[in-house]
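Predicted, not measured: the structure shown is a model, and the values here were computed from it. Numbers restart at 1 for each chain; the letters A, B, ... are given by sequence-line order, proteins then strands.
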2 protein chains.
Amino acid sequence: MATVPRMNEQESAAWLSLISLLELLPAALDAQLQRDARLTHFEYVLLTMLQRAPKHVMRMKALAAATSSTLPRLSHVVSRLEGRGLVERYPCEEDRRATNARLTPEGRRTVIRATPEHIATVRRLVIDVVSPEQLDQIAAIGDAILPGLDPERRLTRLFDGDVAD
Amino acid sequence: MATVPRMNEQESAAWLSLISLLELLPAALDAQLQRDARLTHFEYVLLTMLQRAPKHVMRMKALAAATSSTLPRLSHVVSRLEGRGLVERYPCEEDRRATNARLTPEGRRTVIRATPEHIATVRRLVIDVVSPEQLDQIAAIGDAILPGLDPERRLTRLFDGDVAD
DNA sequence: TGTTTATAGTTGTTGCGACAACTAATGGAG
DNA sequence: CTCCATTAGTTGTCGCAACAACTATAAACA
């Protein structure tokens, strides 16, 4: 490996900001959702994806892609949500290897009830404290970094309509 | 609670970028450090803080602040690192409630050996894929968001010289 | 000085995520 | 048609983080 130059002031400042955000923001989001809806942030995103999908159904595979997670992780999380009656699983007709995950009415109520307070938190912690220009900058920075983190391009096709059933 | 307006396109795009980064970047950093040095990102940051401190010693309290963590978490992590011979603990003389954590020579070797590959990864994943202007933007965005996440201002005084012993 | 309150740290329990191993069904290649 | 590789998903184990409960020392106060 060739020698890697140390970071300069500008780079260090940016990197420190970024890892601090990485450490603190997820904790803040999880804390609010846990308190108000007994959900992790990941569970909230998962339920939201199902809520937006046609008929509130997605294949596990598509749901894993949409939430940028692995199938093992998703399977465990869905098992827990199923135990709480928020999601139900049933085998997919067209491909009998596949499983569909569907939001139950109770699950819909949960996500609908949790959303306002969550959005308020996101606004309070992030959106309201940065300028509109900075919002665009965040999106652009994400567009620059994410492709390199996401070799299989899972997140990037979130809304390209790969739905199940 | 007053009604919270839904997010517009601009806000959603920024928010999606941000939570995607929050999900994927830590995993990528942990994976590299785990593979090359059997360290979590948190452990690497911790060792680096000790490495930079005078005499490679800090009080647990100061180390918790510097790594933006809680004392319980830190205590567990230091216990593990101590078991691997990378850190040692000893009671603080001036305040017998306190404990000092000191980097061992082996710990110093570990962090020194891990750093080049880690910096290379940070460059490859983040620094090299954004523009210099975007680096400044990241720092500015962090400055805007972090104070609201960090009520006790732990991170912000990382280098204000609150060292131990 | 004796009592209370605050500070510093450790430990135990619980829950989630990562990884590996496994089952089951599909799609090709011969 | 059969065999094999691939795909979809589940399950078990292990490691780490969060939270609560606890100990011990120091500081505040009366």
C:dA25, D:dA17, C:dT10: which one has an atom nearest the side-chain heavy atoms of B:T99?
C:dT10
Do A:Q137 and B:Q134 have side-chain heavy atoms sitting under 4.5 Å apart?
no
Atom-pair distance (CZ on B:R84; P on D:dG15), nearest Å:
12 Å
Basic-acidic side-chain contact under 4.0 Å: A:R102, A:E82
no
Can you figure out which of C:dT11, D:dA8, C:dG17 approaches the side chain of A:K61 most closely?
D:dA8
From the candidates D:dT10, C:dT10, C:dT13, the one with an atom nearest any side-chain atom of A:S75 is D:dT10
Find the distance B:E82:CD to C:dT11:C1' and express it as a whole number of Å.
14 Å
Give the nucleotide from the list C:dA8, C:dT13, D:dT10 with an atom nearest to the side chain of A:L71.
D:dT10
Given D:dA18, D:dT25, C:dG17, identify the nucleotide with an atom nearest to the side chain of B:D95.
D:dT25
Atom-to-atom span, CD of B:E94 to C1' of D:dA26 - whole angstrom
14 Å
A:L46 CG to C:dC16 P: how many Å, rounded?
13 Å
Length of the CD-C1' vector between A:E23 and D:dC16, whole Å
12 Å
Select one nucleotide: of D:dA8, C:dT7, C:dG17, the one nearest the side-chain heavy atoms of B:R97.
C:dT7
CG of A:L81 to CD of A:E106: how many Å apart, nearest 0.5 Å?
11.5 Å
For A:R89, which contact category applies under a 4.0 Å heavy-atom criterion: base, sugar-phosphate, or nothing?
sugar-phosphate
Pairwise 5' ranking along DNA chain D for B:T40 and A:L74, keeping only the more 5' one
A:L74
Any A:R96 side-chain N or O less than 4.0 Å from OP1/OP2 of D:dG9
no
Whole-Å distance separating the CE atom of A:M58 from the P atom of D:dG9:
11 Å
Rounded to whole angstroms, how far apart are CZ on A:R73 and P on D:dG9?
17 Å
C:dT11 base stacked by B:H76 (centroids within less than 5.5 Å, tilt under 30°):
yes
OP1 or OP2 of D:dC16 under 4.0 Å from side-chain N/O of B:R80:
yes
B:E43 or A:P72, whichever maps to the more 5' nucleotide of DNA chain D
A:P72
Determine, for A:E23 against B:R73, whether the closest basic-nitrogen to carboxylate-oxygen distance falls under 4.0 angstrom.
yes
From CG of B:N100 over to P of C:dG9, roughly how many Å is that when rounded to an integer?
8 Å
Side chain of B:M60 - closest among D:dT10, C:dT10, C:dT13
C:dT10
Neighbour count above 12 (heavy atom, 6.0 Å) for B:R84 CZ
yes
Assess whether a salt bridge exists between A:R80 and A:E43, defined as any Lys/Arg side-chain N lying under 4.0 Å from an Asp/Glu carboxylate O.
yes
